[in-house]
Amino acid sequence: LFKMTHLNLMAKNGQGAPFFDAIADVMHGVAFVVIASVFLFAAHGWATVTSHVPESSVRMICLCLAALSATHFVYLLNAWFFIDMASVTYPYESSPGYLALVAQFGVTCYFGSTMAATISNEAHIPRKNFLGRFMLVGLFWFVVVPVTVLIATLLDPYLRAKSVAIMRLLVDASVLTGLVWLPGPAPQDQ
């Protein structure tokens, strides 16, 4: 809502509402970290295989979330205060933007390897199938923004920011729908 208000005002007056834009960016960053935490804890089997995640795993999850939070925060600060929109098409085309993408790629690798280990250690076939679907949804969610940014470099500059923004919104909506659908009962359980 805040982002749409900002963009609507920007179309009318050329400036928009930077405060609304900043609120929208912070809210998206917080939602990103919350969703990432759900995926990372589930990768360790929390709420699916076990109710307890070992202390060392919790530390690693916190490290991943701190890396994502810090790089996203630096990315936002750079976008708000240091990017001259005349010299850069959109904030991902900056050092903090690339750093945020690298951090996300690293967390994606950690999520995938941890979830694969959890799946391989699971003997219960229905739970293993659920974890496999959960892993696919999680990998899709983690990978789409970096891939979209890479694809956007092939597009005309005026289309890049729109393409990445649209993909982020579509992927977030799709993944949240998938996360609501995944824990539902399977047809054989109904």
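- The backbone N or O of Val53 lies less than 3.5 Å from no partner atom in the side chain of Ser57, so there is not a single donor-acceptor pair.
- Residue Ser69 comes nearest to Val33 through the heavy atom pair OG-CG2, 3.4 Å, listed as atom of the first residue, atom of the second, then distance.
- Within 6.0 Å of CZ in Phe41 there are more than 12 heavy atoms belonging to other residues, nucleotides or ligands.
- Residue Phe140 is grouped with residue Val137 when hydrophobic side chains (ILVMFWY) are merged at heavy-atom distances under 4.5 angstrom, including chains of intermediate members.
- The six-membered or imidazole ring of Phe111 lies away from that of Trp141, with a centre-to-centre distance of 6.0 Å or more.
- Interatomic distance, CG of Asp172 versus CD1 of Ile35, reported as 5.5 Å (0.5 Å rounding).
- Judged as a salt bridge (charged side-chain N to carboxylate O under 4.0 Å, His left out), not a single pair has a partner in residues 101-120 (not counting sequence neighbours).
- Across Ser51 and Trp46, no two heavy atoms sit closer than the pair O-CD1, 3.9 Å.
- Every residue meeting the ring pair (Phe, Tyr, Trp, His ring centres under 6.0 Å) condition with His44, not counting sequence neighbours, appears here in chain and number order: Tyr110.
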Under the side chain to side chain contact (heavy atoms under 4.5 Å, CB included) criterion, do Val145 and Met167 qualify, and how do the steps go?
CA-CA 7 Å; Val145 170; Met167 284 304 295; over 6 Å; no

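- You'll find the side chain of Met135 stays beyond 4.5 Å of the side chain of Leu131, heavy atoms only.
- Closest of all the heavy-atom pairs between Thr71 and Leu68 is OG1-O, 3.2 Å.
- Linking ILVMFWY side-chain heavy atoms closer than 4.5 Å, directly or via other members, places Leu169 and Val26 in two distinct hydrophobic clusters.
- Cluster membership for Val144 and Val175, using ILVMFWY side-chain heavy atoms within less than 4.5 angstrom, is shared.
- Scanning all heavy atoms of the two residues, the minimum distance from Leu65 to Leu40 falls at CD2-CD1, 3.9 Å.
- Scanning all heavy atoms of the two residues, the minimum distance from Leu139 to Gly112 falls at CD2-CA, 4.1 Å.
- Taken together through direct or relayed side-chain contacts under 4.5 Å among Ile, Leu, Val, Met, Phe, Trp and Tyr, Val171 and Leu176 form part of one hydrophobic cluster.
- Across every non-hydrogen atom of Phe39 and Gly138, the tightest pair is CE2-CA, 3.3 Å.
- In this structure the side chain of Phe134 reaches within 4.5 angstrom of the side chain of Leu179, judged on heavy atoms.
- Linking Ile, Leu, Val, Met, Phe, Trp and Tyr residues whenever their side-chain heavy atoms come within less than 4.5 Å leaves Val30 and Phe20 in two separate clusters.
- Rounding to the nearest 0.5 Å places CG of Leu99 at 12.0 Å from CD of Gln104.
- Residue pairs meeting the salt bridge (charged side-chain N to carboxylate O under 4.0 Å, His left out) criterion with at least one member in residues 114-126, sequence neighbours excluded: Glu122-Arg127.
- Ring geometry for Tyr75 versus His72: interplanar angle of 30 to 60°, hence tilted.
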Quick one, His124 with Val49, criterion side chain to side chain contact (heavy atoms under 4.5 Å, CB included). Give me CA distance, side-chain angles, the key distance, then yes/no.
CA-CA 10 Å; His124 189 247; Val49 177; over 6 Å; no

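- The salt bridge (charged side-chain N to carboxylate O under 4.0 Å, His left out) analysis of residues 14-37, with sequence neighbours excluded, yields the pairs Lys3-Asp21, Lys3-Asp25.
- Grouped with Val147 in one hydrophobic cluster are Val143, Ile151, the linkage being side-chain heavy-atom contacts under 4.5 Å among Ile, Leu, Val, Met, Phe, Trp and Tyr residues.
- We find the CZ-OG distance between Phe32 and Ser37 to be 10.5 Å, quoted to the nearest 0.5 Å.
- Among residues at least two apart or in separate chains, salt bridge (charged side-chain N to carboxylate O under 4.0 Å, His left out) pairs with a member in residues 54-75 are Glu55-Arg59.
- In this structure, Phe2 has its ring center at least 6.0 angstrom away from the ring center of Phe19.
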Going through the checks in order, is the ring-ring contact (aromatic ring centres under 6.0 Å, His included) test met by Phe105 and Phe142?
CA-CA 8 Å; Phe105 179 74; Phe142 274 115; over 10 Å; no

